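This report refers to the structure that appears directly beneath it.
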Amino acid sequence: MSDGGVLLDIRGLRVRFPMRGRGPVCAVNGVDLTLRKGESLGIVGESGCGKSVTFSSVMRLVQSPPAVLEGEILLDGRDVMRMSGAELRRMRGKEIAMIFQEPMTSLNPVMRVGKQIIETLRLHESLSEKQAEEKALEYFQMVEIPDARSRFWCYPHQLSGGLRQRVMIAMALICNPRVLLADEPTTALDVTIQAQILELLGRLRRKNDMSVVLITHDLCVIAQLAERVAVFYAGRVVEEASAGELFANPMHPYTMGLLRCVPTMRTVSRRLDMIEGNIPDPACLPAGCAFHPRCPFAADVCREQAPEKRFFGERRFAACHRAGEVG
Ligand SMILES: Nc1ncnc2c1ncn2[C@@H]1O[C@H](COP(=O)(O)OP(=O)(O)O)[C@@H](O)[C@H]1O
Ligand SMILES: [Mg+2]
């Protein structure tokens, strides 16, 4: 469980992409987040809110230049932003691993999946081909790939989406990372397979005493796996709380809106509510609170001043002028 110290500490992260002939795209606008040992943190927000850019920055997968990154990303006290190429290669896979929505983008289509996982393993550990194969096969069984031995020598296209995601998870976990970043890992899958994969991730997290960051646009996914939740909007964390508190008592109008979009037994039969309007263009963010044009509670102050975080407990805040008054 999450009683450990801070493992990953993101402080004041800003990421912008300069654009030819117009203002920069401000994808991340001052994110502070901590991940503790063994914790499962859910990151939720509509598409385009800066979730992937934030965590790709943690992996240093955002190419800079052209991107401009500011702030600190501390992994056990070491700043990822200052790591050399060699340190980054050691960090990736061995300390932090990342999985994505579409395993086909990370898997090599012309190499058998077993071979790929063996190569990943041998990059980090000095094992013979035979030892690596044994261990890889063990991981195929651990992620519950049925008939693992024969699947091991398949090409990615010969596997279903669910099995490919299991292969990705095996590959991510094989070097025993302390942090797993899972970016929309089940978005491409149907609900039944999605639930199985989330359940598997939950079990592996406990078994390996690993911290997990689960990134999704879907609160139902959060409910299945996350203990804590950070809600992203326009490149900022607008609310943070334990999952229980967030679902029971959302403080930010954006979170309230997201929750109204979640289907329940009562709403399945009728049209779901949607948050009216769209997320703002990150090249041209509104003044004041970035959510104000869509917020049913917006007052003058919301149009003029960016809200500070209002705390309602340790690690429980909403960045909203009206937090605590409305709901
Ligand atoms: N390489 C890039 N160049 C320019 N804009 C980018 C780049 N990568 C992401 N963006 C923009 O940054 C914003 C945040 O993107 P992203 O983090 O992928 O959102 P999310 O993962 O929350 O859906 C989006 O507007 C996206 O178009
Ligand atoms: Mg994304």
Side-chain angles (χ1 to χ4, degrees), residues 8 10 12-33 35 41-71 73 80-81 96-106 161 165 168 172 179-189 194 197-198 201 212-222 225-226 228-240 246 252 254-255 257-258 261-262 274-275 277-286 290-291 293-294 319:
L8 181 67
I10 304 176
L13 181 68
R14 287 173 191 277
V15 182
R16 55 181 192 275
F17 299 97
M19 292 282 137
R20 232 174 249 282
R22 59 189 192 105
V25 167
C26 300
V28 181
N29 298 301
V31 163
D32 303 303
L33 266 177
L35 178 70
L41 173 68
I43 304 294
V44 71
E46 287 162 292
S47 190
C49 282
K51 307 181 299 295
S52 295
V53 172
T54 298
F55 289 94
S56 302
S57 303
V58 170
M59 292 296 275
R60 284 279 301 276
L61 293 173
V62 175
Q63 229 183 42
S64 165
V68 181
L69 276 75
E70 288 168 45
I73 299 171
V80 174
M81 301 268 232
I96 308 189
M98 190 162 184
I99 56 175
F100 302 92
Q101 173 174 343
E102 186 31 82
M104 277 314 254
T105 56
S106 319
Q165 198 53 281
M168 278 307 301
V179 180
L180 177 68
L181 307 178
D183 191 350
E184 308 267 5
T186 60
T187 301
L189 306 174
Q194 170 171 307
I197 298 276
L198 292 172
L201 282 176
V212 174
V213 178
L214 177 68
I215 304 163
T216 176
H217 63 281
D218 183 350
L219 273 172
C220 298
V221 169
I222 294 282
L225 196 64
R228 304 194 50 75
V229 187
V231 181
F232 268 56
Y233 192 76
R236 284 208 172 91
V237 180
V238 295
E239 177 160 8
E240 193 181 321
L246 190 98
H252 196 288
Y254 180 58
T255 314
L258 285 179
C261 304
V262 175
M274 303 255 277
I275 306 178
N278 292 308
I279 60 156
D281 178 354
C284 171
L285 293 172
F291 188 60
R294 303 171 77 185

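Predicted model only: the values in this text are computed from it and were never measured. Each ligand, and each atom within it, is numbered from 1 in the order the structure gives.
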Quiz item: Does even one non-hydrogen atom of Gly45 get within less than 4.0 Å of ligand 1?
Solution: no

Quiz item: Distance below 4.0 Å between atom 26 (C) of ligand 1 and any protein heavy atom?
Solution: no

Quiz item: Are there protein heavy-atom neighbours of atom 20 (P) of ligand 1 below 4.0 Å?
Solution: yes

What atoms of ligand 1 come within less than 4.0 Å of a heavy atom belonging to [X]?
{"X": "Ser47", "value": "23 (O)"}
{"X": "Cys49", "value": "19 (O), 20 (P), 22 (O)"}
{"X": "Ser52", "value": "17 (O), 18 (O), 20 (P), 21 (O)"}

Quiz item: Short question: side chain of Lys51, backbone of Val231 - any donor-acceptor pair under 3.5 Å?
Solution: no

Would you mind checking which non-hydrogen protein atom is closest to [atom], with the distance to 0.1 Å?
{"atom": "atom 12 (O) of ligand 1", "value": "Ala27 CB, 3.3 Å"}
{"atom": "atom 4 (C) of ligand 1", "value": "Met19 CE, 3.3 Å"}
{"atom": "atom 10 (N) of ligand 1", "value": "Phe17 CE1, 3.7 Å"}
{"atom": "atom 9 (C) of ligand 1", "value": "Val53 CG2, 3.6 Å"}

Exercise. Could you tell me whether Pro282 approaches ligand 1 through its side chain, its backbone, both or neither, with non-hydrogen atoms closer than 4.0 Å?
Key: side chain

Self-check item: For ligand 1, the portion of Gln63 having any non-hydrogen atom under 4.0 Å away
Solution: neither

Just how far is it from atom [atom1] of [X] to atom [atom2] of [Y], taken to the nearest 0.5 Å?
{"X": "Ile197", "Y": "Ile99", "atom1": "CD1", "atom2": "CD1", "answer": "8.0 Å"}
{"X": "Leu258", "Y": "Glu239", "atom1": "CG", "atom2": "CD", "answer": "10.0 Å"}
{"X": "Ile73", "Y": "Leu13", "atom1": "CD1", "atom2": "CG", "answer": "5.0 Å"}
{"X": "Ile215", "Y": "Ile222", "atom1": "CD1", "atom2": "CD1", "answer": "9.5 Å"}
{"X": "Leu35", "Y": "Leu33", "atom1": "CG", "atom2": "CG", "answer": "8.5 Å"}

Quiz prompt | Whether Phe291 and Tyr233 hold their rings parallel, tilted or perpendicular, with breakpoints at 30° and 60° | solution = perpendicular

Exercise. Kindly identify the option in Gly235, Pro18, Gly48 whose heavy atom sits closest to atom 23 (O) of ligand 1.
Key: Gly48

Practice problem: Please confirm if an N, O or S atom belonging to Gln101, backbone or side chain, lies less than 2.8 Å from the Mg ion (ligand 2). | Solution: no

Quiz item: For the side-chain contact (heavy atoms from CB on, under 4.5 Å) test, which of Val221, Leu198, Thr186, Leu225 pairs with Thr216?
Solution: Val221

